[in-house]
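Heads up, the thing below is written out as structure tokens.
Note that the coordinates shown come from a computational prediction; the quantities given were computed from them, not determined experimentally.
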Amino acid sequence: MARLVKLYSQVDNAKKQYFIRNRIAEENRQKENEAAVRIQSWFRGCQVRAYLSHLHKNATLIQKIWRGFTARVLFRQRVKTAYFIMKMNFYNKMAVKIQQRWRGYYVRKYVHNYYARKRYLEGLTRKNEHIRRDLEEFAELQRNERERIIQEKEEQGKTIQAQRLHFLLSTKQCPGVFNSPFREEPDEMELRLRKVKPLLARSAPKERKTPNIIPDLSNLMPNRERLPPIHKKPQGPFRPALEVQQQRQRPLEPSLRVATSITALEEAREELKRQEWRTRVIDQTFLPFLKTSQNKRCEGLMHTSTPFEQVAYGTKHFREEHEEYLQGKKPFKTVFTTCHVFDKFGRLYSNAGNIV
């Protein structure tokens with residue numbers, strides 16, 4: 001009985017301990033649950049990552065094998081193409097060589113005789129050598145001839161000069177200019193002066209006046225007819241006789257100054273003015289820089305009611321401007337400041353852009 005009382009006295013304490021332990025167990029259960037969830041998520045993540053890594057490795061292996069296979073197929077195809085091209089180039093080259101040999105043989109045998117052409121070229125070479133030798137000899141002869149002509153001209157000039165200077169010849173009593181006593185031998189001009197004769201001053205030949213006597217043979221041969229000319233047209237650069245006769249007997253043709261009157265220029269100007277007046281549309285002359293005709297309105301047409309003038313700018317296709325709304329407003333300001341246009345006169349640009 002005492003134990004039962006003791007138990008009844010410990011009921012409240014047991015309840016408190018139960019609730020405390022239950023609360024502690026609940027708290028531990030939540031932590032354990034979170035820890036278990038974290039462990040499971042980590043393990044499952046490791047499993048998934050390992051599986052994905054395995055899949056990636058297998059996919060990489062499959063791709064590697066497939067790419068290797070396709071690359072080997074493409075390489076074999078390229079090798080075959082390169083081999084075929086190389087073989088065709090070789091065959092083409094061999095065909096070209098065969099064609100060259102055959103064409104050379106055919107041309108040498110049937111078209112051009114090689115040995116005949118060789119003999120022709122050898123003969124042509126010998127002939128060229130002979131011609132070149134002859135040309136060299138001819139050029140040497142021409143050179144010698146030119147030198148001889150030049151020497152003859154020089155000798156002739158020296159002879160003429162010696163004939164003109166013959167008065168400078170030395171004598172036994174008086175030595176000349178070209179025979180100095182201080183020289184061992186006389187000068188070349190001195191020897192030339194001894195050989196030539198002096199020039200004599202000759203007067204111009206006088207003309208002899210001889211009468212032009214034309215014998216009259218008509219009395220000697222009265223019955224003989226004159227022979228016709230050998231050629232109808234005289235030989236040489238002569239004009240026909242009929243044309244010469246017409247040219248001689250043509251009437252006088254006065255010049256333009258003689259044929260026209262003195263007042264021809266004024267008359268032509270007046271005629272031009274009259275012609276211009278007849279073809280003129282408007283009698284008033286056009287003066288583009290005259291200010292009197294700026295504000296003048298054109299006259300209207302007779303067969304229409306439309307005024308023959310230009311429509312004012314901005315009245316038909318543009319917005320109308322009401323100046324009364326802009327009286328109190330300020331003008332637009334420009335970005336640049338005013339600057340001196342003419343420093344001499346002190347003029348400036350205003351904000352509106354006008355000179356003030």
Side-chain angles (χ1 to χ4, degrees), residues 93 96-97 99-215 227-244 247-248:
K93 190 175 180 180
V96 169
K97 283 188 177 182
Q99 291 174 2
Q100 287 178 353
R101 299 291 177 85
W102 166 249
R103 288 172 182 171
Y105 167 76
Y106 183 81
V107 167
R108 285 191 298 272
K109 187 172 182 180
Y110 298 103
V111 180
H112 298 292
N113 193 348
Y114 171 74
Y115 296 101
R117 189 174 183 83
K118 186 176 180 181
R119 289 193 298 271
Y120 167 74
L121 292 176
E122 290 176 356
L124 185 63
T125 304
R126 290 193 297 270
K127 188 175 181 180
N128 289 340
E129 290 177 357
H130 291 310
I131 292 173
R132 188 178 292 108
R133 193 180 306 111
D134 295 340
L135 289 175
E136 289 177 357
E137 292 177 358
F138 182 70
E140 186 68 24
L141 290 175
Q142 284 186 341
R143 195 181 306 110
N144 296 335
E145 186 68 19
R146 287 195 297 268
E147 292 177 357
R148 185 185 63 79
I149 292 171
I150 293 171
Q151 290 179 1
E152 286 181 357
K153 287 183 179 180
E154 292 178 355
E155 190 71 21
Q156 187 176 2
K158 290 180 181 179
T159 303
I160 294 172
Q161 185 179 6
Q163 288 178 354
R164 292 175 180 175
L165 301 178
H166 192 270
F167 61 92
L168 298 177
L169 182 62
S170 60
T171 59
K172 292 182 179 181
Q173 299 297 332
C174 181
V177 178
F178 301 103
N179 190 13
S180 177
F182 300 101
R183 290 184 178 181
E184 297 179 358
E185 296 179 356
D187 194 15
E188 182 184 356
M189 184 58 72
E190 179 68 23
L191 301 176
R192 195 179 296 275
L193 290 174
R194 294 176 184 177
K195 293 179 181 180
V196 300
K197 294 181 180 181
L199 287 175
L200 300 178
R202 297 179 181 178
S203 59
K206 296 181 180 180
E207 296 181 357
R208 295 181 180 181
K209 295 182 180 180
T210 56
N212 295 328
I213 301 173
I214 300 174
L227 295 175
I230 299 175
H231 301 284
K232 295 181 179 180
K233 185 178 179 181
Q235 296 295 319
F238 304 111
R239 300 174 69 179
L242 182 61
E243 186 178 352
V244 174
Q247 182 73 16
R248 286 180 179 178

Residue Y115 excluded, over 12 heavy atoms near OH under 6.0 Å: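 No.
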
Greater than 12 external heavy atoms within 6.0 Å of Q156's CD: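 No, not enclosed.
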
For F138, ring pair (Phe, Tyr, Trp, His ring centres under 6.0 Å) partners two or more places apart: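 So F138 forms no ring pair (Phe, Tyr, Trp, His ring centres under 6.0 Å) with any residue.
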
E140/R143 salt bridge by N-O under 4.0 Å criterion: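 Answer for the salt bridge query: yes.
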
Contacts under 3.5 angstrom, residues 145-153 side chains, donor-acceptor by atom type, not counting sequence neighbours:
from, atom 1, to, atom 2, distance (Å)
E145, OE1, R148, NE, 3.4
E145, OE1, R148, NH2, 3.4
E145, OE2, R148, NE, 3.4
E145, OE2, R148, NH2, 2.1
R148, NH1, E152, OE1, 3.3
R148, NH1, E152, OE2, 2.3

Spacing of L121 atom CG and R119 atom CZ [to the nearest 0.5 Å]: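 Going from the CG atom of L121 to the CZ atom of R119 covers 11.0 Å.
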
Spacing of I131 atom CD1 and L124 atom CG [to the nearest 0.5 Å]: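 One finds 8.0 Å between CD1 of I131 and CG of L124.
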
Criterion side chain to side chain donor-acceptor pair (under 3.5 Å) against H130, the qualifying member of R132, R126, R133: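 The residue from R132, R126, R133 that satisfies side chain to side chain donor-acceptor pair (under 3.5 Å) with H130 turns out to be R133.
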
Would you list the atom pairs, donor with acceptor, under 3.5 Å between side chains in residues 182-194 and any protein atom, with sequence neighbours excluded?
from, atom 1, to, atom 2, distance (Å)
E188, OE2, R192, NH2, 3.2
E190, OE2, S170, N, 3.4
E190, OE2, S170, OG, 2.5
R192, NH1, E155, OE2, 2.4
R192, NH2, E155, OE2, 3.3

